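Right, one structure below, let's go through it.
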Amino acid sequence: MAPSIRDLQLTQLSSAGGDDSRDLEDVRLLDAYDNSSSEDEEKGVQQGTMKRIQVGVTGMTCAACSNSVEAALTSVNGVLRASVALLQNKADVVFDPRLVKDEDIKNAIEDAGFEAEILPEPSAVGTKPQGTLVGQFSIGGMTCAACVSSVEGILRDIPGVKRAVVALATSLGEVEYDPTAVSKDDIVNAIEDAGFEAAFVQSSEQDKIILGVAGIYSEVDVQILGGILSNLKGVRQFHFDRISRELEVLFDPEVVNSRSLVDGIEGGSIGKFKLHVANPYSRVTSKDVEEASNMFRLFLSSLFLSIPVFFIRVICPHIPLFYSLLLWRCGPFQMGDWLKWALVSLVQFVVGKRFYIAAARALRNGSTNMDVLVALGTSASYFYSVGALLYGAITGFWSPTYFETSSMLITFVLLGKYLECLAKGKTSDAIKKLVELAPATAILLIKDDKDGRCIGEREIDALLIQSSDTLKVLPGAKVPADGVVVWGSSYINESMVTGESVPVLKDVSSSVIGGTINQHGVLHIKATKVGSDTVLNQIISLVETAQMSKAPIQKFADFIASIFVPTVITLALLTYFAGTLGAYPESWLPENGNYFVFALMFSISVVVIACPCALGLATPTAVMVATGVGANNGVLIKGGDALERAQKITYVIFDKTGTLTQGKASVTTAKVFTGMDRGEFLKLVASAEASSEHPLAKAIVAYARHFHFFDDSTTDDYQSHNRDSAISGWLYDATEFCALPGRGVQCFINGKLILVGNRKLMTESGILIPEDVEKFVIDLEESAKTGILVAYDSNLIGVLGVADPLKREAAVVVEGLIRMGVRPIMVTGDNWRTAQAVAKEVGIHDVKAEVMPAGKADVVRSFQKDGSTVAMVGDGINDSPALAAADIGMAIGAGTDIAIEAADYVLMRNNLEDVITAIDLSRKTFARIRLNYVFAMAYNVIAIPIAAGVFFPSLGIQLPPWAAGACMALSSVSVVCSSLLLRRYKKPRLTSILEITVE
């Protein structure tokens, strides 16, 4: 049979000077070719008029074998060069594609008596990857927790794999691997060798791009594409798949970027080829749809073949004409027996082939799963029926057959798997919806290189946007990337990302988020974050990571799954032997029945009714739905383990500044205690604080500037920063500036030391605080303001009062937590009086004040000593150690990237109500998981005894195998549907928070 050429490799020839330490023989093989090939041959490969591929050769045992293969290859007309590596079982061939095809090369090797396979991705010399990569793979054929454990074990045993996590609900695996030791194809092959389906989705490589190509219709077009790529600078390697029409390109990002690469290919083809960046999430979604469609086709096929069997068994005996035809003897059997055997054989071995394949791979890997049970049950009923027919033909004693049991069982199981696919697809809706938010295209403004004027615009693929690009956003269009507005003004709907329903005004210097919708005016934005760095992609990554993670409670299901199937098979055998050995009284037997058949039907029912799938799906489906619901409500959850810990929270520690307060400090009071002019005092303080990044420092500078220039803008925005630069001459020059954490700042102005900070700074510096100043500061602190003291030339000259307003929802959230049985605590570096005043205002009774940034983590640990689960809510860099130390870290979404990285929950809206939402959602999710487990366990505990006939003596209840199969199929569907009920979750509102009570 002619081999497929769908995975033909188009690879640019590397220079002889390349280095590949992975394989010394490969280096020798490649170097031998490069050193001996003529200049014309090398140029031909680079231009695409010649082609070079590598072929895997199996069956070579000695040097004579490799010489035979080499001779067979060189004898093919059109082959310019062939070199064979015996130890690596590879052949490297350079040939003229106009004279010889890939299949001809493969046929030549096979004609020589060896097996051959064209390798889809030969190693490129000089492209040694650095570090480890994280790759994502779709895995098909997993049905329960035992399958997941099997796949994870296979992946972890591969040399070079550092970490492997497999998620049953998403059918995805995440693998961290060393690309110098193992390739993604090796990982795919290892999964497939174990009997599962596998495909590469995406990886963390930054120098690789996958492009969909339109316009390729023939082999000539492929060669044109190869020639264009070979002539593009910076292209290291490329591979075109003819079936999917996808081009994978490995390039040097320091020489060429993705957009210029696309432009180069389209320009080189003079518009013949049209390219778009392939979205990996879309490919995963299409695979899910394909799996559901395939399962539906199998179900329909089994149903159409089973209906006549059911008709023959149940309906036809009541229709004399049909029944007489079925009783007509044709050879050794009746016509009805022939028809049932033929129809059920198709169901058993054609439609049901997948169960045998899956069962075989499970047994080969030393595990058992649902497919083993289905294969056992259907095979028992089918082969018994065949045996009964043969026995009757030989002896004349005819026993009843049970062909319909096998066909109906397979039909119901396929129906259950189809419904399960549909339900599982619903659980992954969160990622699908997030992916749909991403814009497909963007309008790029083309600027003159000399003066920066806009000279035109063009539409580009949104995935090709680069940092610093200027983009045009029309009314009603999606913002194509994260960036800053450089022209225009409009309202942006950010509800799809932040959950905030009120549109936000955006004007010059305002930040915008990719995927949000521009409602009114035209905007020009400058892209600041693109690709995986955008907020939307980070949200998708967080949700995906959470859905890949396993909650600790999942270990329970994994343990049960590991012993479940062997236990069920043992019970089925006990049921069978109990019947065949005469343990049942003869009165139990049906008319014309025997112990063998009677016991066999009970044992088959036991095998097929047991369902480990429901146990395996109980946790991951609920976690998937919960993470999606959380994302839709502005709460990003980083994993199932975080969900499990959050539902046990007993303490919530709040940072004060920027968490309980708005983080928008403003100076409310400025009092001078010397004869110094007030304007001069403010100028001195502003000059000292101008170099500080602290929010209070920015508030002081803004206040002083307003006093001098009547400027109401703040220093936080881009526009006022430029204005401040223009008028910065009003400030004094400060030298030897030093920020003192937890105390303030110090520097020299006009040769004199100036100190701006709290009492501790003044005391340590030997500055005397007069009694009237102390009283004034106390009054400020008791009114929830921070008193900032200023000393100049060893004398205390004045005090500033700074207030940071509380968030409007802070007090209600605190009271709501108390009603939920959670104890709120406030931690701050501020003084005791200010801290107590703020805590009193929000209703917090436990306060930790004057805590250094590094000490916040110690506060967290102090509450963990008694085994309590502690959550930390914060937003700044100095909160990161505490967020990491806490059992649950909750980062305000508007906070720093470092804080978000250290947290388990990210509150996108910067709203404390989401703390309530996070805890409430976690509790409801785990209540649902427990319900799922109760249902899954109760189903098996009740169903298996019924199937085994425990209630037959007293109640006469007997469960036919086909009915047992229907129950088994619906059990996993019901668990998934139970998890889907979490999609109806509504977060508590302010009016209902106070009605929450401890459960």
Side-chain angles (χ1 to χ4, degrees), residues 656-658 661-674 676-717 719-721 723-750 752-762 765 767 769 773 776-777 779-781 783-793 795-805 828-831 834 838 876 878:
K656 180 179 76 72
T657 305
T661 66
Q662 296 178 14
K664 299 177 181 178
S666 60
V667 177
T668 60
T669 306
K671 187 170 183 179
V672 183
F673 289 91
T674 65
M676 183 181 292
D677 178 71
R678 191 163 184 258
E680 180 67 13
F681 167 73
L682 291 175
K683 186 175 181 180
L684 276 173
V685 180
S687 300
E689 292 283 17
S691 299
S692 174
E693 292 296 321
H694 196 281
L696 297 184
K698 294 182 179 181
I700 292 170
V701 173
Y703 182 80
R705 185 181 59 221
H706 172 69
F707 183 85
H708 279 268
F709 301 100
F710 299 101
D711 178 8
D712 290 326
S713 60
T714 65
T715 58
D716 288 337
D717 61 75
Q719 187 176 8
S720 64
H721 175 74
R723 187 187 302 113
D724 190 44
S725 299
I727 60 176
S728 59
W730 69 280
L731 295 175
Y732 292 119
D733 291 330
T735 59
E736 299 182 39
F737 173 85
C738 180
L740 306 170
R743 296 188 294 278
V745 301
Q746 69 177 31
C747 63
F748 285 88
I749 295 178
N750 298 327
K752 297 177 182 179
L753 178 65
I754 182 170
L755 304 170
V756 184
N758 55 22
R759 291 185 188 86
K760 190 173 183 180
L761 176 61
M762 300 300 152
S765 304
I767 305 297
I769 303 177
V773 174
F776 181 76
V777 173
D779 290 340
L780 289 174
E781 292 171 347
S783 60
K785 298 176 183 176
T786 300
I788 297 177
L789 294 85
V790 182
Y792 184 57
D793 194 20
N795 294 309
L796 198 145
I797 61 173
V799 175
L800 294 168
V802 179
D804 187 0
T828 178
D830 216 332
N831 63 83
T834 302
V838 172
N878 59 1

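Computed from a prediction, not measured in an experiment: that's the story for all the values here.
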Partner set under ring pair (Phe, Tyr, Trp, His ring centres under 6.0 Å) for F673, not counting sequence neighbours: F776
Under the ring pair (Phe, Tyr, Trp, His ring centres under 6.0 Å) test, residues paired with Y703 that sit two or more places apart: none
Applying side-chain contact (heavy atoms from CB on, under 4.5 Å), can you list everything that pairs with [X], at least two apart in sequence or on another chain?
X	result
S691	F737
T828	K656, M826, D830, A835, A849
L740	C738, R743, Q746, L761
T668	S666, K785, A803

Roughly how far apart are [X] [atom1] and [Y] [atom2], rounded to 0.5 Å?
X	Y	atom1	atom2	result
D677	K683	CG	NZ	10.5 Å
R705	L731	CZ	CG	9.5 Å
L753	D793	CG	CG	8.5 Å
K698	I700	NZ	CD1	13.0 Å
L789	L800	CG	CG	9.0 Å
I749	Y792	CD1	OH	6.5 Å

Test log, rule side-chain contact (heavy atoms from CB on, under 4.5 Å), inputs C747 and I754: CA-CA 6 Å; C747 63; I754 182 170; 3.4 Å; yes
Can you name the nearest heavy-atom pair linking [X] to [Y], along with the distance?
X	Y	answer
M762	G757	CE-N, 4.0 Å
G801	L780	CA-CD1, 3.8 Å
R678	V672	CA-CG2, 4.1 Å
V777	G787	CG1-CA, 4.5 Å

Contact check, side chains of L684 and V790, non-hydrogen atoms, under 4.5 Å: no
Derivation and outcome, side-chain contact (heavy atoms from CB on, under 4.5 Å), residues I769 and L796: CA-CA 7 Å; I769 303 177; L796 198 145; 4.1 Å; yes
Candidates V667, V756, V685 - the one meeting side chain to side chain contact (heavy atoms under 4.5 Å, CB included) with I788: V756
Test item: N758 side-chain N/O and K760 main-chain N/O as donor-acceptor pair under 3.5 Å: yes
Check: T661 main-chain N/O paired with D804 side-chain donor or acceptor under 3.5 Å: no
